[in-house]
Amino acid sequence: MTRLTSASLNRTAAGAERHQNMAQASSPSVSLPQAGRDEGLKGILFAFAAFTAFSFSDASVKLIDGALPPYESAFFGALCALVALPWLLQPGDRLRDIFATANRKLWLLRFVAFALGVIGSVTAFTHLPMANAFALMFLQPAFVTVMSLCFLKEQIGVWRWGAVVIGFIGVMVVLRPGYTPLSIGHLGALFAGFGGAVSVISFRAMGGREKRISLFGAGMLGGIVIPGIVMLPHFVWPDTRQWLLLAGYGLLAALANLLLMAATTRVPAAYVGPIQYSQMLWAILLGYLLFHDGVTPLTLAGVVLIIGSGLLTLMRERQRGTPMPHAIAVRGHHAVLALMRGKGKKGWGWPRVHRG
């Protein structure tokens, strides 16, 4: 009878383990792809939930109905954004890194652009039907395209110029100059889209050299300081209902940003971007239920053109691999919260879930 020594037992066990590993490697994996699909579905659901929260946030500020100055609502909305601050801190970050930047001019540009965007969006939702306000703010990708040519010297191809032209036609259909009187709400919506585009351009110009706490902090401070200073001479003390609406406006936006972060940790941000256009459905529904707003066929046609323009731009940006914040086609004051990871860049962007 052969006697098995401890050495032979170890060799036998090692051989069996190698055989088992080879067998596992040769067999197709089922659980990991399934887990990846589950995470992707969760990410998409988080994105829809985020943009739903954004829509209800905008409805909250619209319900104030101009009883408070727009910069006062903007101030309290930005103040509530501080709730998201702890989730932006990465290991080794400190609060004073909000002021740290590799380019002070671009930091100040984000500081001002955020404030313009948030004041513009509040003004737009106060004076316009929600669908009309969203339609004009969805012009932001077209603004980004034109600014990319002017300030970043990017080459703009036929498809991207075509998207700009389609978006412009859509705006003309929505505004109908000469038939529909223009108001400060239209100007506010354009300022909101413009402010968001400036944030995107400054983000691209930084080339991934900025910490996300600094990207967010510049806008957050701008949204607090600039509207805060402007509102002081005209401050109106809100009543109980208005306090509740201000809290809903700011906290729902903060919640939406946290949901957006959760979405972009599960799916690439390029897939989350188009979901922002679901806000138009909420705008039509909430506008009808809460504000008795109707949507004319012409307005709907213009909305379709503008959304088509934005989707075409997003598609071309994705094909070109251009890093840009997503969830930015609506409001500049949310532009710096969810960032795509740049190619070969470290120190910014949200972590991705790698799947085999």
Side-chain angles (χ1 to χ4, degrees), residues 39-64 73-88 114 117-118 120-122 124-126 128-131 133-135 137-138 140 189 192-193 195-196 199 212 216 219-220 223 241-267 269 271-291 293 307 310 325-339 350:
E39 284 297 293
L41 178 59
K42 289 180 183 177
I44 291 173
L45 291 176
F46 275 128
F48 273 109
F51 292 115
T52 298
F54 277 137
S55 301
F56 278 84
S57 167
D58 295 325
S60 297
V61 80
K62 183 172 177 59
L63 283 168
I64 295 176
S73 298
F75 168 81
F76 286 110
L79 199 63
C80 290
L82 292 172
V83 174
L85 192 60
W87 283 270
L88 294 170
F114 184 103
V118 69
S121 67
V122 173
F125 287 118
T126 299
L128 297 178
M130 290 189 70
F134 272 117
M137 293 181 199
F138 281 146
Q140 182 177 306
S199 295
R212 70 187 184 191
F216 173 71
M220 177 190 65
R241 176 179 175 274
Q242 291 163 355
W243 276 121
L244 292 174
L245 291 173
L246 287 172
Y249 168 58
L251 294 177
L252 282 172
L255 172 63
N257 283 309
L258 295 178
L259 290 170
L260 209 51
M261 294 177 200
T264 52
T265 61
R266 289 167 172 81
V267 291
Y271 293 94
V272 177
I275 298 175
Q276 65 195 329
Y277 293 106
S278 65
Q279 291 176 109
M280 182 56 69
L281 299 177
W282 283 112
I284 295 173
L285 180 62
L286 293 175
Y288 177 77
L289 293 177
L290 298 180
F291 309 106
D293 293 333
I307 291 178
H326 84 127
I328 43 73
V330 179
R331 289 161 301 222
H333 53 295
H334 301 306
V336 296
L337 288 181
L339 306 177
W350 305 113

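Worth saying up front: this structure is predicted, and the values here are computed from it rather than measured.
Surrounding CZ of F291 are more than 12 heavy atoms belonging to other residues, nucleotides or ligands, all under 6.0 Å away.
Side-chain contact between F216 and L85: present, with at least one pair of heavy atoms (C-beta onward) separated by less than 4.5 Å. Here the side chains of L258 and M261 are in contact, with some heavy-atom distance below 4.5 Å. With contacts defined as side-chain heavy-atom distances shorter than 4.5 Å, the pair F51/L260 qualifies.
Nearest heavy-atom pair across G120 and A192 is C-CB, 4.1 Å. For the residue pair I284 and A131, the shortest heavy atom distance occurs at CG1-CB, 4.2 Å. Here the shortest heavy-atom pairing between P86 and L82 reads CD-O, 3.8 Å. Contact between A47 and A263 at its shortest, heavy atoms only, is N-CB, 3.7 Å. Contact between V122 and T126 at its shortest, heavy atoms only, is O-OG1, 2.7 Å. Taking both residues in full, the closest heavy atoms of T265 and A262 are given as OG1-O, 2.8 Å, listed atom of the first, atom of the second, then distance.
The main-chain N or O of A53 is never found under 3.5 Å from a side-chain atom of S57 such that the two would form a donor-acceptor pair. Checking side-chain atoms of Q140 against main-chain N and O of M137 turns up no donor-acceptor pair under 3.5 Å.
Considering CG of L259 and OG1 of T264, their distance stands at 10.5 Å, rounded to 0.5 Å. The distance from the CG atom of L286 to the NZ atom of K62 is 11.0 Å, given to the nearest 0.5 Å. For the atom pair CG of L246 and CZ of F75, the computed distance is 10.5 Å after rounding to the nearest 0.5 Å. Atom CE in M280 sits 9.5 Å away from atom OG in S55 (nearest 0.5 Å).
Separation of the F76 and Y249 ring centroids does not fall under the 6.0 Å cut-off.
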- Message: Run L244 and R241 through side-chain contact (heavy atoms from CB on, under 4.5 Å) and show every step you take.
- Response: CA-CA 5 Å; L244 292 174; R241 176 179 175 274; 5.7 Å; no
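Between F138 and Y277, the two ring planes are tilted [angle within 30° to 60°].
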